[in-house]
Amino acid sequence: MKYIKRLAENVVKKQEKMFKTILVTGARQVGKTTMLKNIKPDINYVTLDDMILNQSAVEEPELFLKANKPPIIIDEIQYAPNLLRYIKMAVDNSEKKAMFYLTGSQQFDLMKDVSESLAGRVGILNLLGLSLREIKEIDFNEPFVPTEEYLDERKKYEKEISYDEIWNMIHKGAMPALYQEESDVNMFYAMYVSTYIKRDVRSLTQVGDTLSFLKFMTALASRIGQLLNLNSIANEVGITIPTAQRWLSILVASNIVYILEPYYNNIMKRAVKIPKVYFLDTGLAAYLTKWKTSEVLEAGTMAGNFFENYVIVEIIKSYYNSGELRPPVYFYRDKEKREIDLIIEQNGKLYPIEIKKTANPSKDMIENFKVLENIKEIGEGAIICMYDKIINLNEKNKVIPYKYL
């Protein structure tokens, strides 16, 4: 099976020189273990998915580490959080770097355990599914920002991506297994959802009503790109608001759902403070909302939402893959319903972005950028869309085709 090179490999290689432990988090099947095995093909590997190894790690952590000496990859560390304390003792008694490579597919409590046990001793990387750059084998790993400098560099790695191809990627999603061999996409996600609910949700968070949890996931998927209204979702699914809040936190911790926070500060009296919801894999969202083919999705009522979701997640990936743990991304909406789809905050500037499923961008699409003028210095802005060339809308704002993500 062909290995698709991950841009985040460079982050792991930097962390190896700085830390004794490296933790790669991310949803199931995004390629965490495959990436680590590719970087370190000759070191020991164990998975705590194995019930016997898991029992040993939980009940006899000292013996487990004596039998499984570093350097080692330990998969699914969340199943034996008590092991982290013993890993801390092992690394404190050694001068070596890169002793333990850990993966975790469920961050519910995991990050708290890691910060308590391995503070200052661990490099952390959050890995999402394949990016557009990785699928197209583009060896460019700078975080997206709509500046001349970024675009000048990005153009050096330009590859054509047709309209049909981008919609196929949006519908298929970003799971590496779907790009390594011919697979039935709907069958893949049916098994994925079943495994996720049975193994992660039920075992780690004691969700009793799995059917309602699936309805909850589907209700969220039908609202991608919208303001998060948990009251409405709770009513639709037939659960309490506290249950909806807890289930949402599970999906966020599992790297299934991303909550995009609004940009506001003390002088922005009219700004809305409600976040928006996105899925970190558009293929999973398409499966849950029953868009069976890319052609039906592209022509459907949610096409604009899916394109917006895809672009935002590609930008988030560009930050994670370069080593950032908190991508500096927000959106803006106020009580007059003026909205900016995405704001990147960097170097003391705000970079506003509109995302449109159109091949006919126009200046009126960036009209709302001016609401930021009295808040902070505004950097260059952009419309990311289906047009095939970079063009200047005015001195500060451009049209950027999706292929430059």
Side-chain angles (χ1 to χ4, degrees), residues 27-28 128-129 166-175 178 185-197 200-201 205 207 209-262 272 274-314 316 329 331 333 337 339 341-342 355-358:
R28 281 193 173 275
L128 301 186
I166 200 71
W167 278 102
N168 186 51
M169 287 183 197
I170 292 170
H171 180 261
K172 185 188 280 192
M175 294 297 179
L178 294 171
V185 174
N186 289 309
M187 189 182 295
F188 174 88
Y189 283 110
M191 293 303 299
Y192 186 88
V193 168
S194 174
T195 301
Y196 169 67
I197 289 175
D200 286 346
V201 175
T205 53
V207 171
D209 189 348
T210 54
L211 185 59
S212 289
F213 189 85
L214 181 56
K215 286 181 183 174
F216 180 74
M217 285 178 69
T218 303
L220 283 172
S222 70
R223 290 165 169 83
I224 55 173
Q226 296 180 26
L227 294 177
L228 179 63
N229 185 339
L230 274 182
N231 288 7
S232 167
I233 294 170
N235 287 334
E236 181 181 321
V237 179
I239 56 175
T240 65
I241 292 168
T243 297
Q245 290 169 332
R246 184 164 61 90
W247 288 2
L248 178 65
S249 71
I250 291 167
L251 289 167
V252 171
S254 306
N255 270 301
I256 300 292
V257 163
Y258 190 89
I259 299 301
L260 185 65
E261 296 294 339
V272 168
I274 303 166
K276 291 171 79 171
V277 63
Y278 295 93
F279 265 58
L280 285 168
D281 190 281
T282 52
L284 176 57
Y287 166 76
L288 290 169
T289 48
K290 297 181 170 56
W291 298 100
K292 297 293 188 185
T293 68
S294 58
E295 293 81 9
V296 172
L297 177 61
E298 185 275 329
T301 54
M302 288 186 69
N305 299 67
F306 269 88
F307 182 65
E308 179 184 320
N309 192 131
Y310 180 80
V311 169
I312 287 173
V313 172
E314 283 299 307
I316 288 168
V329 293
F331 77 98
R333 183 180 170 100
K337 297 187 178 178
E339 192 164 335
D341 291 331
L342 195 69
I355 303 162
K356 299 291 183 189
K357 179 190 171 271
T358 181

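Quick note: residue numbers are just sequence positions, from 1.
Screening I224, L228, L248 against V257 for a side chain to side chain contact (heavy atoms under 4.5 Å, CB included) leaves a single residue, L248. Put simply, the residue from N255, L251, V252 that forms a side chain to side chain contact (heavy atoms under 4.5 Å, CB included) with L280 is N255. Partner of K276 under the side chain to side chain donor-acceptor pair (under 3.5 Å) criterion, chosen from E261, E339, Q226: E339.
Residues passing the side-chain contact (heavy atoms from CB on, under 4.5 Å) test with S194, sequence neighbours excluded: K198. By the ring pair (Phe, Tyr, Trp, His ring centres under 6.0 Å) test, F216 pairs with W247, sequence neighbours left out.
Looking at N309, its side chain does come within 3.5 Å of a backbone N or O of F279 through a donor-acceptor pair.
Taking all atoms of both residues into account, the shortest heavy-atom contact from L230 to Q245 is CD1-CG, 3.6 Å. Considering all non-hydrogen atoms of both residues, V185 and K172 come closest at CG2-CG, 4.0 Å. Taking each heavy atom of R28 and T195 in turn, the nearest pair found is CD-CG2, 4.4 Å. Here the closest non-hydrogen pair linking M169 and Y310 is SD-OH, 3.8 Å. Counting all heavy atoms, side chain and backbone alike, N231 lies closest to I241 at OD1-CD1, 3.0 Å. Closest non-hydrogen pair, L284 versus I256, comes out as CD2-CG2, 3.8 Å.
In this structure, I233 CD1 and S222 OG are separated by 7.0 Å, a value rounded to the nearest 0.5 Å. The CD1 atom of I170 lies 13.0 Å from the CH2 atom of W291; values are rounded to the nearest 0.5 Å. Put simply, OG1 on T289 and CG on L220 are 11.5 Å apart, with the number rounded to the nearest 0.5 Å. To the nearest 0.5 angstrom, T282 atom OG1 is 9.0 Å from W167 atom CH2. Here OG1 of T210 is found 11.5 Å from CE of M217. Values are rounded to the nearest 0.5 Å. Note that CG of L288 is 6.5 Å distant from CG of L214, once rounded to the nearest 0.5 Å.
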Apply side-chain contact (heavy atoms from CB on, under 4.5 Å) to the pair Y258 and V313, showing each step before the final yes or no.
-> CA-CA 9 Å; Y258 190 89; V313 172; 5.7 Å; no

Take F306 and H171 through the test side-chain contact (heavy atoms from CB on, under 4.5 Å) and record every step on the way to the result.
-> CA-CA 9 Å; F306 269 88; H171 180 261; over 6 Å; no

Begin from the C-alpha positions of L342 and L260 and carry the test side-chain contact (heavy atoms from CB on, under 4.5 Å) through to its verdict.
-> CA-CA 9 Å; L342 195 69; L260 185 65; 4.1 Å; yes

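Residue pairs meeting the salt bridge (Lys or Arg N to Asp or Glu O under 4.0 Å) criterion with at least one member in residues 224-235: none, sequence neighbours excluded. Residue pairs meeting the salt bridge (Lys or Arg N to Asp or Glu O under 4.0 Å) criterion with at least one partner in residues 225-234, sequence neighbours excluded, do not occur; the list is empty. Residue pairs satisfying the salt bridge (Lys or Arg N to Asp or Glu O under 4.0 Å) criterion with at least one member in residues 278-297, sequence neighbours excluded, are absent. Screening residues 214-241 for salt bridge (Lys or Arg N to Asp or Glu O under 4.0 Å), with sequence neighbours left out, gives R223-E236.
By the 4.5 Å heavy-atom criterion applied to side chains, D341 and F331 are not counted as neighbours.
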